[in-house]
Amino acid sequence: MDETLAEFIKRTILKIPMTEMMTVLKAWDFLSEKQLQTVNFRQRKESLVHDLVLLCEEKCASVHDAALLDIIYTQFHRHQKVWDVFQMSKEPGEDIDLFDMEQFKSSFVKILRRALKNVTVSFRDAEENSVWIRIAWGTQYRKPNQYKPVYVVYYSQTPYVFTSSCQLKSNIPLLGQALTVATNHHKIVKMDLRSRYLDSLKAIVFKQYNRNFETHNTTVPLQERTLELDIHMDSRIIHENRIEKERVQRVTQETFGDYPQPRLEFAQYKLETKFKSDFNGDILAERKEPLRCLIKFSSPHLLEALKALAPAGIADAPLSPLLTCIPNKGMNYFKIRDK
């Protein structure tokens with residue numbers, strides 16, 4: 001094992017929190033239980049990492065072994081990445097093929113290496129017939145950069161692919177070509193949907209809204225959350241707006257459902273419109289270029305925040321369809337133009 005690989009393994013292990021160290025190493029399954037028992041996990045992290053790297057050297061770890069450890073770490077900390085969604089499609093009338101995971105992996109690697117010699121591709125099978133792919137890009141003259149990989153998550157026999165942001169934009173067409181050919185699709189397009197929360201993106205494109213998400217606490221019912229002020233109000237006060245509150249509650253539930261919302265951090269709207277005026281000779285009216293405006297809604301949990309607006313009295317119910325259509329349309333990037 002050369003110094004470059006040893007340094008890569010060292011940096012990867014250093015990223016792992018001490019509380020997760022044993023869990024990640026066991027999931028990696030490269031070092032045996034007997035080897036792990038020889039390590040003092042209560043010592044300083046730098047010393048611990050040094051001992052673990054020595055064990056990896058004794059076992060002659062390869063680049064793919066180290067890449068697998070990096071995939072496992074990323075699976076544990078997937079929210080640290082920003083994920084894009086791509087949708088593939090077949091030709092009209094084209095039959096659905098039987099999917100073979102091993103054939104997919106082989107075809108995917110061949111296509112990448114046919115176009116780019118210096119590339120490292122590693123796979124790890126995951127739950128729900130999915131596979132995580134880690135790609136370290138190089139160039140025709142440089143070895144793959146193991147510190148700036150792109151991660152791809154593909155669920156077999158579905159048209160959706162999730163990818164972490166790729167810094168080398170020039171490699172995106174090649175990645176798309178490898179995915180479409182390996183999965184027997186004809187075309188791939190990037191959806192206007194992005195988030196740090198991979199499970200929420202998956203729930204949106206697969207229409208799995210009525211599931212619990214690990215990033216949201218749902219122990220307090222919606223009605224209790226939105227009417228919390230009423231619970232503490234003097235019982236002698238007559239609530240003249242009770243009917244309106246019940247209407248708002250009903251409309252909110254019809255719009256968003258009574259289940260936790262997928263987690264998105266923002267929604268962005270780009271508006272392009274021609275200026276319209278009844279006055280002749282208006283400077284803006286003569287402008288040929290459209291007026292452009294960008295509006296961005298941000299929140300740690302945007303859809304839950306939108307869901308709470310009307311019950312809190314901040315907005316009227318129902319909300320604009322441009323805000324409530326996000327999960328159904330599978331978009332959080334919108335372009336609004338004149339008809």
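- A 6.0 Å sphere centred on NZ of Lys59 holds more than 12 heavy atoms belonging to other residues, nucleotides or ligands.
- Ser122 is listed as a side-chain neighbour of Ile71, based on a closest heavy-atom distance under 4.5 Å.
- Under the 4.5 Å side-chain criterion, counting only non-hydrogen atoms from C-beta, Leu48 is in contact with Phe41.
- Surrounding CD of Gln43 are more than 12 heavy atoms belonging to other residues, nucleotides or ligands, all under 6.0 Å away.
- Under a cut-off of 6.0 angstrom, the local environment of NZ in Lys34 is sparse, with at most 12 non-hydrogen atoms contributed by other residues, nucleotides or ligands.
- For Lys148, the NZ atom is loosely surrounded, since the number of other residues' heavy atoms within 6.0 Å does not exceed 12.
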- [ ] Under the side chain to side chain contact (heavy atoms under 4.5 Å, CB included) rule, what do Arg124 and Gln75 come out as? Steps first, then yes or no, please.
- [x] CA-CA 10 Å; Arg124 185 170 193 257; Gln75 287 177 319; 2.6 Å; yes

TODO: In sequence, state the C-alpha distance, the side-chain angles, and the governing distance for Phe206 and Tyr155, and then conclude on ring-ring contact (aromatic ring centres under 6.0 Å, His included).
DONE: CA-CA 11 Å; Phe206 293 152; Tyr155 289 81; 5.7 Å; yes

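- Distance check, rounded to the nearest 0.5 Å: NZ of Lys202 to OG of Ser130 gives 8.0 Å.
- For the pair Lys190 and Asp84, the minimum side-chain heavy-atom distance is below 4.5 Å.
- Here the CD-CD distance, from Glu254 to Gln249, works out to 11.0 Å after rounding to the nearest 0.5 Å.
- Between Thr158 and Met88, the shortest heavy-atom distance links the atoms O-CE, 4.0 Å.
- With contacts defined as side-chain heavy-atom distances shorter than 4.5 Å, the pair Leu69/Val24 qualifies.
- Residue Gln103 qualifies as open at atom CD: its count of foreign heavy atoms under 6.0 Å is 12 or below.
- Note that the OH atom of Tyr151 and the CD1 atom of Ile135 stand 11.0 Å from one another [nearest 0.5 Å].
- Under a hydrophobic clustering in which Ile, Leu, Val, Met, Phe, Trp and Tyr are joined whenever their side-chain heavy atoms come within less than 4.5 Å, directly or via other members, Ile72 and Trp132 fall into different clusters.
- Sorted by first then second residue, the side-chain hydrogen bond (donor to acceptor under 3.5 Å, both in side chains) pairs that include residues 105-117, not counting sequence neighbours, are Lys105-Asp125.
- Ser156 and Met101 get closest at one heavy-atom pair: CB-CE, 4.2 Å.
- A salt bridge does not link Glu246 to Arg250: none of the charged nitrogens lies less than 4.0 Å from a carboxylate oxygen.
- Glu289 meets the side-chain contact (heavy atoms from CB on, under 4.5 Å) test with Arg287, Arg292; sequence neighbours excluded.
- Exactly one of Asn118, Leu174, Thr120, Asn145 qualifies for a side chain to side chain contact (heavy atoms under 4.5 Å, CB included) with Trp137. That residue is Leu174.
- Annotation: the span from Arg44 atom CZ to His50 atom NE2 amounts to 13.0 Å, rounded to 0.5 Å.
- Nearest heavy-atom pair, Ile9 versus Ala61, reported as atom, atom and distance to 0.1 Å: CD1-CB, 3.9 Å.
- Closest non-hydrogen pair, Leu201 versus Ser195, comes out as CD2-CB, 3.7 Å.
- Residues Ile111 and Leu116 fall into different hydrophobic clusters, defined by Ile, Leu, Val, Met, Phe, Trp and Tyr side chains chained together at heavy-atom separations under 4.5 Å.
- Considering only heavy atoms from C-beta on, Pro300 comes within 4.5 Å of Arg263 through its side chain.
- From Gln167, atom CD reaches atom CD1 of Ile172 across 11.0 Å, with rounding to the nearest 0.5 Å.
- Ser164 approaches Pro149 most closely through the heavy-atom pair OG-O, 4.5 Å.
- At distances below 3.5 Å, at least one donor-acceptor pair connects side-chain atoms of Gln261 with backbone N or O atoms of Phe256.
- Sequence neighbours left out, the pairs with a member in residues 18-30 that pass side-chain hydrogen bond (donor to acceptor under 3.5 Å, both in side chains) are Glu20-His77.
- You'll find the side chain of Leu309 reaches within 4.5 Å of the side chain of Leu306, heavy atoms only.
- Criterion: ILVMFWY side-chain heavy atoms under 4.5 Å apart, direct or through other members. Under it, Ile16 and Leu52 are part of a common hydrophobic cluster.
- Taking the six-membered ring wherever Trp is involved, the centroid distance between the rings of Tyr160 and Tyr154 does not fall below 6.0 Å.
- No donor-acceptor distance shorter than 3.5 angstrom exists from the side chain of Lys274 to the backbone of Asp338, with no hydrogens or angles considered.
- Salt bridge Asp70/Lys15: present, at least one basic N to carboxylate O contact under 4.0 Å.
- Ring orientation note: the planes of Tyr197 and His79 are close to parallel, at an angle under 30° on the 30°/60° scale.
- Val131 and Phe99 end up in the same hydrophobic cluster when Ile, Leu, Val, Met, Phe, Trp and Tyr side chains are linked at under 4.5 Å.
- Arg11 and Gln146 are not linked by any side-chain donor-acceptor pair at a separation below 3.5 angstrom, with hydrogens and angles left out of the test.
- Within the 4.5 Å cutoff, side-chain heavy atoms of Leu198 are placed close to those of Val153.
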TODO: Take Leu193 and Val205 through the test side chain to side chain contact (heavy atoms under 4.5 Å, CB included) and record every step on the way to the result.
DONE: CA-CA 9 Å; Leu193 183 63; Val205 299; 3.9 Å; yes

Open item on the list: Lys10 vs Thr12, test: side chain to side chain contact (heavy atoms under 4.5 Å, CB included). Steps then yes/no.
Closed with: CA-CA 5 Å; Lys10 176 184 174 181; Thr12 304; over 6 Å; no

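- Residues Val121 and His64 fail the side-chain proximity criterion, which asks for heavy atoms closer than 4.5 Å.
- Scanning all heavy atoms of the two residues, the minimum distance from Phe30 to Gln35 falls at O-OE1, 4.4 Å.
- In the hydrophobic clustering of this structure, Leu25 groups with Tyr73; members are Ile, Leu, Val, Met, Phe, Trp, Tyr whose side-chain heavy atoms approach within less than 4.5 Å, directly or through other members.
- With values rounded to the nearest 0.5 angstrom, Glu91 atom CD is found 9.5 Å from Lys187 atom NZ.
- Annotation: ring pair (Phe, Tyr, Trp, His ring centres under 6.0 Å) contacts involving residues 1-26, sequence neighbours excluded, comprise Phe8-Tyr147.
- Legend: ring pair (Phe, Tyr, Trp, His ring centres under 6.0 Å) pairs involving residues 309-329, not counting sequence neighbours: none detected.
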Open item on the list: One pair to check against side-chain hydrogen bond (donor to acceptor under 3.5 Å, both in side chains): Ser298 and Glu265. What are the steps and the verdict?
Closed with: CA-CA 6 Å; Ser298 300; Glu265 310 93 277; over 6 Å; no

Open item on the list: Under the criterion side-chain hydrogen bond (donor to acceptor under 3.5 Å, both in side chains), I'd like the reasoning laid out for Thr183 against His185: C-alpha separation, chi angles, the key distance, then a yes or no.
Closed with: CA-CA 6 Å; Thr183 58; His185 282 84; 2.9 Å; yes

Name each donor-acceptor pair under 3.5 Å that joins a side chain in residues 324-336 to protein atoms two or more places apart or in another chain, with its distance.
| unit_1 | atom_1 | unit_2 | atom_2 | d |
| --- | --- | --- | --- | --- |
| Asn332 | OD1 | Arg194 | N | 3.1 |
| Asn332 | ND2 | Arg194 | O | 2.8 |
| Asn332 | ND2 | Phe266 | O | 3.2 |

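- Other residues, nucleotides and ligands contribute only 12 or fewer heavy atoms inside 6.0 Å of the CG atom of Asn129.
- In this structure a side-chain-to-backbone donor-acceptor pair under 3.5 Å is present from Arg247 to Ala317.
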